[in-house]
Amino acid sequence: AFTFATAGRIVFGSGVSADAGKLARTLGAKALVVTGSNRNRAADVFKSLQDEGIDTLAFSVKGEPTVDDIVEGTRMARQGGCDTVVSVGGGSVIDAGKAVAALMTNDGDPLDYLEVVGQGNNLAHRAAPHIAIPTTSGTGSEVTKNAVLAVPSHQRKCSLRDGGMLPTVALIDPLRTLDCPQRVTADSGLDALTQCLEPIVSRCSNPLTDAIAREGLRRAARSLRQAYECGSDVQAREDMAFASVCGGLALANAKLGAVHGFAGVCCTLVHLQRENAIHALPIAHQCLSRQFVSKHEKSSPQRKKNLRDTPGTI
C-alpha cells in the first residue's frame with residue numbers, strides 16, 4: 001500500500017503563466033506576490049493579477065529564505081489584508097511562499113513548526129491558497145509539502161513540513177526558464193536529475209513514483225546538456241521543466257537519499273545554495289548513486305532491469 005500527495009492542481013505548458021490572474025481570482029481578492037530580488041521578472045504576473053481585479057502586495061527574498069524573512073513576509077501579508085500567496089521564482093522563493101502561506105493561517109513563530117531546531121508542531125490549519133510559479137527547473141518545490149529555511153542562530157537549514165503546505169496550484173511555464181544563466185541551468189538541472197534518481201532507489205519508492213521518476217530521468221538525460229548549451233531551445237527547456245516537476249512529485253512521495261543529505265551539510269558549512277552543493281559533488285553523486293542502485297538490485301531483479309533500461313541512471 002502507498003499514498004501519493006501533491007499540489008491541488010498542476011498546470012503545465014508553455015505560456016500557462018498568463019493564466020495566473022484567472023486562477024488567483026478563484027482563490028482570493030488580494031495576493032502577496034513573493035519574488036526574488038528582481039521583482040521585474042514577475043512584471044507580467046503582477047499585470048495578470050491586476051487585470052483580473054486582484055490587489056497585490058510585493059515581498060522579495062534574497063537567496064534562501066531565513067526564519068526572519070518568513071516572519072517579515074507573514075507580518076506584511078497580515079497587515080496588508082492578503083488572503084492568497086503567489087510565488088514567482090526559484091525553489092527558494094517558492095519555499096518562502098509556502099512558509100508564509102502556512103503562517104498566514106496559523107498562530108506562532110516559524111520555530112514552533114520547524115523540524116530539528118524548532119518544536120516541529122503540526123499546522124492547526126491548512127495554509128492560505130498559494131499559486132507557485134517556478135522560474136528554474138530544479139527543486140520541484142511547487143509540488144512538495146516542505147519549505148527549507150535557514151536558521152542563522154543555529155547555523156542550520158531545516159524544513160517546515162506539513163501536508164497542508166502543498167500549493168493550491170503549481171503553474172509550470174517552461175518559457176519562464178528561457179533566460180536562466182548557464183550556471184543556474186546546470187546547477188538546478190543536476191538537482192532535478194538527482195531528485196529523479198534518488199527516489200527510484202529509495203526504500204519508500206512505489207510503482208507510481210518509479211514511473212514518474214523514470215520519465216524525469218529520460219527527459220533530463222536527453223535535454224540537460226542542450227538546455228545548458230542553447231538556453232533558447234524551448235523543447236529542451238520543456239523537458240527540464242517536466243523533469244523538475246517529476247523529481248518533486250517523486251521525492252515528495254518516496255523521499256531522497258545521501259546525496260541530498262551531503263549537500264545539506266555542505267550548504268550550511270560553506271554557505272552554498274543546495275543546487276550549488278549538488279553541482280560541486282558530482283563524484284559523490286556518481287559513487288553513492290551506483291552504490292544505492294547496486295544495493296537495490298540485489299533484492300529486486302526487475303528493478304535492476306528497469307534501472308538499466310532507463311537512460312541517465314547508471
Side-chain angles (χ1 to χ4, degrees), residues 6-7 9-24 33-49 51 86-94 97 131-144 167 169-197 211-251 273 275-276 278-279 310-313:
T6 188
R9 181 179 180 186
I10 298 174
V11 183
F12 183 98
S14 293
V16 297
S17 57
D19 294 332
K22 293 178 182 178
L23 291 166
V33 182
V34 184
T35 70
S37 55
N38 182 9
R39 66 181 59 168
N40 290 331
R41 293 193 66 197
D44 60 320
V45 174
F46 278 101
K47 185 177 186 306
S48 177
L49 294 168
D51 286 349
V86 177
S87 56
V88 188
S92 295
V93 170
I94 294 175
I131 299 176
I133 307 175
T135 60
T136 62
S137 296
T139 68
S141 182
E142 65 274 10
V143 291
T144 65
V169 181
L171 193 57
I172 305 155
D173 184 348
L175 298 184
R176 302 200 74 88
T177 68
L178 289 176
D179 60 352
C180 277
Q182 283 189 314
R183 181 58 188 258
V184 174
T185 298
D187 289 344
S188 59
L190 282 171
D191 196 20
L193 188 152
T194 307
Q195 289 180 168
C196 289
L197 176 55
I212 291 169
R214 289 184 67 201
E215 180 61 23
L217 280 176
R218 290 192 187 95
R219 302 278 187 127
R222 78 186 183 195
S223 293
L224 175 53
R225 182 181 293 275
Q226 179 63 12
Y228 174 80
E229 294 179 346
C230 183
S232 61
D233 187 322
V234 174
Q235 182 59 58
R237 292 296 192 179
E238 287 183 350
D239 273 352
M240 290 311 301
F242 196 83
S244 179
V245 73
C246 284
L249 292 168
L251 76 88
Q273 287 194 324
E275 296 89 339
N276 299 131
I278 290 172
H279 185 78
T310 303
T313 57

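Predicted model, so just to flag it, every value in this text is computed and none were measured.
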Worksheet item: Do the side chain of Gln195 and the main chain of Thr139 share a donor and acceptor less than 3.5 angstrom apart?
Response: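 Flag set: sc Gln195 to bb Thr139 pair under 3.5 Å.
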Fill in: Side chain Ser244, main chain Met240, donor-acceptor under 3.5 Å
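No; zero donor-acceptor contacts below 3.5 Å.
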Item to complete: If a pair satisfies ring-ring contact (aromatic ring centres under 6.0 Å, His included) and one of its residues is in residues 215-241, list it, with sequence neighbours excluded.
Response: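 ring-ring contact (aromatic ring centres under 6.0 Å, His included) check on residues 215-241 returns no pairs.
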Excluding sequence neighbours, so at least two apart, what forms side chain to side chain contact (heavy atoms under 4.5 Å, CB included) with [X]?
X      : result
Cys180 : Thr136, Thr177, Val184, Thr185, Arg237
Asp51  : Lys47
Ala132 : Ser87, Ile94, His130, Glu142, Pro167

Atom of [X], atom of [Y] and distance for their closest heavy-atom approach:
X      : Y      : result
Glu229 : Gln182 : CA-NE2, 4.1 Å
Ala227 : Ala236 : N-CB, 3.8 Å
Ser223 : Asp239 : OG-OD2, 2.6 Å
Ala24  : Leu49  : CB-CD2, 3.5 Å

Separation of [Y] [atom2] from [X] [atom1] (nearest 0.5 Å):
X      : Y      : atom1 : atom2 : answer
Ile133 : Ser48  : CD1   : OG    : 8.0 Å
Cys230 : Arg225 : SG    : CZ    : 14.0 Å
Ser137 : Leu193 : OG    : CG    : 12.5 Å

Worksheet item: With a 4.5 Å heavy-atom cut-off, do Ile172 and Pro134 have their side chains touching?
Response: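 With C-beta onward as the side chain, the pair touches.
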Looking at residues at least two apart in the chain, or sitting in another chain, which of them share a side-chain hydrogen bond (donor to acceptor under 3.5 Å, both in side chains) with [X]?
X      : answer
Asn38  : none
Arg41  : Asp179
Ser141 : Asp95, Lys98
Thr6   : none

Worksheet item: Pick from Asn40, Val88, Thr35, Val86: which one makes a side-chain contact (heavy atoms from CB on, under 4.5 Å) with Phe46?
Response: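 Among Asn40, Val88, Thr35, Val86, the one meeting side-chain contact (heavy atoms from CB on, under 4.5 Å) with Phe46 is Thr35.
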Sequence neighbours left out, cut at 3.5 Å: what donor-acceptor pairs do the side chains of residues 9-23 make with other protein atoms?
residue: Ser14; atom: OG; partner: Glu238; partner atom: OE2; Å: 2.7
residue: Ser17; atom: OG; partner: Asp173; partner atom: OD2; Å: 2.7
residue: Ser17; atom: OG; partner: Arg176; partner atom: NH1; Å: 3.1

